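Sequence positions, counted from 1, serve as the residue numbers for this chain. In this text the structure is predicted, and so the values were computed from the model without any measurement.
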Amino acid sequence: MRKVFRSKAPTEATLVRNLLVEEGIDARLFGGETPYPGVLNIEVWVTDDADAPRALELIRRTFSDEERPAWRCAACGESNPASFELCWSCGAKGS
């Protein structure tokens with residue numbers, strides 16, 4: 001197993017874990033208290049070390065500030081921001 005992500009926000013770590021799982025990468029969440037009361041460090045680990053490079057690239061692309069082009073929905077023709085995985089208008093999955 002290899003750690004690929006750490007966050008103080010459980011929702012952010014869960015988002016990353018879900019992204020990896022959707023891409024076929026088995027990933028687990030681990031976490032614990034930090035020295036600061038009420039603050040957690042949530043870590044995302046991949047179970048297969050061989051998946052780590054692909055996981056890191058997916059995470060980098062997800063959190064990148066690079067400008068990506070919008071995409072047009074094949075189902076309804078609406079334009080969607082690059083960060084949208086599903087069409088805002090009809091809910092179809094983007095390519």
Side-chain angles (χ1 to χ4, degrees):
M1 285 184 50
R2 184 168 163 200
K3 179 175 60 179
V4 293
F5 187 78
R6 178 185 307 148
S7 177
K8 288 183 172 63
T11 53
E12 185 176 52
T14 301
L15 170 80
V16 168
R17 194 259 339 253
N18 291 347
L19 166 75
L20 299 179
V21 169
E22 286 177 13
E23 293 294 326
I25 298 173
D26 187 33
R28 310 282 168 89
L29 290 176
F30 295 97
E33 292 282 336
T34 66
Y36 309 102
V39 177
L40 299 175
N41 271 328
I42 309 298
E43 298 175 343
V44 179
W45 291 65
V46 294
T47 56
D48 184 349
D49 288 359
D51 287 330
R54 189 164 70 101
L56 291 167
E57 177 60 19
L58 286 166
I59 294 165
R60 185 196 66 76
R61 282 190 306 172
T62 299
F63 290 100
S64 172
D65 288 336
E66 296 172 9
E67 189 63 35
R68 293 177 287 171
W71 57 274
R72 187 156 306 279
C73 178
C76 72
E78 285 294 329
S79 180
N80 293 274
S83 61
F84 284 26
E85 189 173 312
L86 303 176
C87 176
W88 69 267
S89 179
C90 72
K93 185 162 176 76
S95 53

[atom1]/[X] to [atom2]/[Y] distance, rounded to the nearest 0.5 angstrom?
X   : Y   : atom1 : atom2 : value
R17 : L29 : CZ    : CG    : 4.5 Å
D48 : R2  : CG    : CZ    : 11.5 Å
L15 : F5  : CG    : CZ    : 8.0 Å
K8  : R6  : NZ    : CZ    : 8.0 Å
L20 : D51 : CG    : CG    : 9.0 Å

Looking at [X] and [Y], what are the two nearest heavy atoms and their distance?
X   : Y   : result
S7  : E12 : OG-OE1, 2.6 Å
W45 : K3  : CE3-N, 3.2 Å
C87 : N80 : CA-OD1, 3.3 Å
A13 : V44 : O-CG2, 3.5 Å
A75 : A92 : CB-CB, 3.9 Å

Answer yes if [X] and [Y] sit in the same cluster of Ile, Leu, Val, Met, Phe, Trp and Tyr residues linked by side chain heavy atoms under 4.5 Å apart, and no otherwise.
X   : Y   : answer
V46 : L56 : yes
W88 : W71 : yes
F63 : V21 : no

*Taking atom types as modelled and ignoring hydrogens, do the side chains of S89 and E78 form a donor-acceptor contact shorter than 3.5 angstrom?*
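Result is no, nothing qualifies.
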*Sole candidate of T62, I59, I42 that passes side chain to side chain contact (heavy atoms under 4.5 Å, CB included) when paired with V16*: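 It is I59, the one option of T62, I59, I42 that forms the side chain to side chain contact (heavy atoms under 4.5 Å, CB included) with V16.
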_Test: E57 and R54 ion pair at under 4.0 Å_ =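 Salt bridge absent between E57 and R54.
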